[in-house]
Amino acid sequence: MADIVNEFNGYRQKMNEKLLADNNKVIKRIFNLDTNAYMEGALDVKTKELLGLVASVVLRCDDCVKYHLETCYKEGLTKEQVMEALSIGTLVGGTIVIPHLRRAYEFWEALEENTNNTTTV
């Protein structure tokens, strides 16, 4: 199952490189704005990532959910913290986000599995 993490990251990196190589000023500015928005500020990075995760669930963007889940994982957020944020996103978004919640849970498990496989080798 950890392959879904590697597949997601590989595709994301490849396509981001292609998009940025086109040298479109607006796209580059949007990417830069997104990067800067999630940096430490009045809110810490963990809080911003949880906010991004909730918004992504509500907007039903699986790619964004995966991105924020992985960043939350790397930032050391616990499964309980992430699931609580996902529950808020599901409450706000309604039952239509349940398929996205399922995929988010699967992706989190893959992140955990990926870490467990690398630490036991």
Side-chain angles (χ1 to χ4, degrees):
M1 184 160 39
D3 285 345
I4 65 173
V5 174
N6 295 327
E7 288 172 13
F8 170 73
N9 285 326
Y11 177 77
R12 183 177 181 276
Q13 181 178 349
K14 178 180 90 174
M15 294 312 298
N16 282 353
E17 287 171 2
K18 287 184 176 193
L19 285 166
L20 293 171
D22 271 352
N23 208 22
N24 180 293
K25 190 184 290 187
V26 174
I27 289 175
K28 283 187 173 191
R29 285 182 178 172
I30 289 171
F31 273 59
N32 185 267
L33 180 62
D34 183 67
T35 298
N36 287 323
Y38 289 95
M39 291 179 154
E40 190 83 22
L43 296 173
D44 62 26
V45 173
K46 290 179 180 182
T47 301
K48 288 182 174 187
E49 287 300 329
L50 288 172
L51 290 168
L53 178 60
V54 170
S56 298
V57 169
V58 172
L59 293 170
R60 303 185 303 248
C61 178
D62 285 335
D63 279 11
C64 298
V65 168
K66 288 175 182 175
Y67 174 79
H68 289 293
L69 282 172
E70 187 166 14
T71 307
C72 286
Y73 190 81
K74 288 177 179 177
E75 287 293 322
L77 288 158
T78 67
K79 184 176 185 177
E80 290 172 327
Q81 291 170 316
V82 169
M83 287 307 300
E84 191 165 321
L86 288 170
S87 70
I88 298 298
T90 304
L91 174 67
V92 173
T95 57
I96 196 164
V97 305
I98 289 174
H100 305 277
L101 176 63
R102 289 185 193 115
R103 288 188 286 274
Y105 195 90
E106 176 186 34
F107 196 77
W108 185 266
E109 285 184 331
L111 289 166
E112 291 178 323
E113 181 181 310
N114 205 19
T115 300
N116 291 336
N117 287 341
T118 58
T119 56
T120 58
V121 174

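For the single chain, residues carry numbers from 1 onward in sequence order. For clarity, every value in this text was computed on a predicted model and none was experimentally measured.
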Path from Leu51 to Val97 over hydrophobic side-chain contacts below 4.5 Å
no
Could you see if Ile96 belongs to whatever hydrophobic cluster contains Val57? Use Ile, Leu, Val, Met, Phe, Trp, Tyr and a side-chain cutoff under 4.5 Å. yes
Less than 4.5 Å apart, side chain to side chain, heavy atoms only: is that true for [X] and [Y]?
| X | Y | result |
| --- | --- | --- |
| Lys79 | Tyr105 | yes |
| Leu53 | Leu69 | yes |
| Leu86 | Val82 | yes |
| Arg103 | Val65 | no |

Salt bridge check: are Lys66 and Glu70 linked by an N-O gap of less than 4.0 Å?
no
Notebook entry, point to check: Okay, side chain of Asn9, backbone of Val5: is any donor-acceptor separation there less than 3.5 Å?
Noted result: yes
Does Asn32 offer a backbone N or O that forms a donor-acceptor pair with the side chain of Asn36 under 3.5 Å? yes
On a heavy-atom basis, the closest approach of Met39 and Val45 is C-CG2, 4.1 Å
In this structure, CD1 of Ile4 is separated from CG of Asn114 (nearest 0.5 Å) by 10.0 Å
* Check the pair Ile88, Leu50 against side-chain contact (heavy atoms from CB on, under 4.5 Å), reporting the backbone distance first and the verdict last. => CA-CA 10 Å; Ile88 298 298; Leu50 288 172; over 6 Å; no
message = Would you call the rings of Tyr38 and His68 parallel, tilted or perpendicular, taking 30° and 60° as the class edges?
response = tilted
